[in-house]
Structure formats: C-alpha cells, structure tokens
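Below is one structure; the comments refer to it alone.
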Amino acid sequence: MDDANPLEQALHAARALVLADLAARDVADAGVVSLVEDAVTHRRWWVEQWPEGVEYIAGLVAQDVQDALLERHGRWPLCPVCDAGDPHALDVEPELGPDPHWVCAKAGVVVAPVGGLS
C-alpha cells in the first residue's frame, strides 16, 4: 500500500473522519468498525472506476455507514438540534461533493463537518 497515493490518503482520511463521528456518538464497536471497513473497500473500487470522485470519498463513506447502521443499529447520527417531534438522523450534504457536512434537513442547520460530531 502506497501512503503517498492520493486515493489511499483519501480513503484513510474518510475512515478516520467517520470513525471519529462514530466514537463521538458511542457506536464504534467492532461490528460497526467492520461496516466502515466494508464501506471503504467498496468506495476504493468505486473511485478506481472514477478517479475524479476522490474528493467525494469522505461523504460517500459516511453515507454508506449511515445506511448500513440503519438496518443494524437504527438511525445515526441522531439530530442534536431538534428537541420536539420524532428523533431523526442527520443527512450528509452535499450528497456528492467535497467538504461534506452533517445537516439537519428539518431545521436547515449545518451541525458539523463529517468527522466533527461531538
């Protein structure tokens, strides 16, 4: 593995950002870490097919893990902004773009960059 490779750097960064968010919300158990690894493996293949997409990796890995957790753990990460109503998950925006953030679509509020949940 070549750590100087921009693809590998982007994949390592995406893994670290998503793991930081999972740890911040106390859901980073071994099974969940495996979901992150699966998402990174899938996105490695994806970006090898479309190298221009390398800057979108962090947001895509976050979305992949969020989707996988929905089946296993429930909605994640839950919105810390909205107190009333049913609990809901934050969304990653932009869905396909650089500099992804966790956003409450209901309130229209940016909560944190991916990797910056507390």
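Values below: all heavy atoms of this structure, side chains included; hydrogens, waters and symmetry mates excluded.
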Nearest heavy atoms of [X] and [Y], plus distance in Å:
X	Y	value
Val111	Pro80	CG1-CG, 3.8 Å
Pro100	Pro94	CA-CD, 4.2 Å
Pro77	Gln66	CD-NE2, 3.8 Å
Val47	Gly53	CG2-C, 3.8 Å
Ala14	Ala58	CB-CA, 3.7 Å
Val92	Trp102	CG2-CZ3, 3.3 Å

ILVMFWY cluster membership beyond Leu70 - transitive side-chain contacts under 4.5 angstrom: none

Shared-cluster residues of Val110, by chain and number - hydrophobic side chains joined below 4.5 Å: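 Besides Val110, the hydrophobic cluster comprises Val103, listed by chain and residue number.
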
Pairs meeting criterion salt bridge (Lys or Arg N to Asp or Glu O under 4.0 Å) with involvement of residues 45-62, two or more places apart: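 Passing the test, one end in residues 45-62: no pairs.
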
Cluster link Trp46 to Val36, ILVMFWY, side chain under 4.5 Å: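 Linked, Trp46 and Val36 end up in one cluster.
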
ILVMFWY cluster, Val54 and Leu96 together (side-chain gap under 4.5 Å): yes

side-chain contact (heavy atoms from CB on, under 4.5 Å) partners for Asp29, two or more places apart: Val32, Arg72

Heavy-atom side-chain contact between Leu117 and Leu90 under 4.5 Å: yes

Other residues, nucleotides, ligands: >12 heavy atoms within 6.0 Å of Glu95 CD: no

More than 12 heavy atoms from other groups under 6.0 Å of CD on Glu71: no

Set of residues satisfying side chain to side chain donor-acceptor pair (under 3.5 Å) with respect to Asp64, sequence neighbours excluded: Arg43

Side chain to side chain donor-acceptor pair (under 3.5 Å) pairs, two or more places apart, involving residues 83-94: none

Can you measure from [atom1] ([X]) to [atom2] ([Y]) and round to the nearest 0.5 angstrom?
X	Y	atom1	atom2	answer
Trp76	Leu22	CH2	CG	4.0 Å
Leu17	Ile57	CG	CD1	12.0 Å
Arg15	Thr41	CZ	OG1	7.5 Å
Leu60	His42	CG	NE2	8.5 Å

Check: Pro87 main-chain N/O paired with Arg75 side-chain donor or acceptor under 3.5 Å: yes

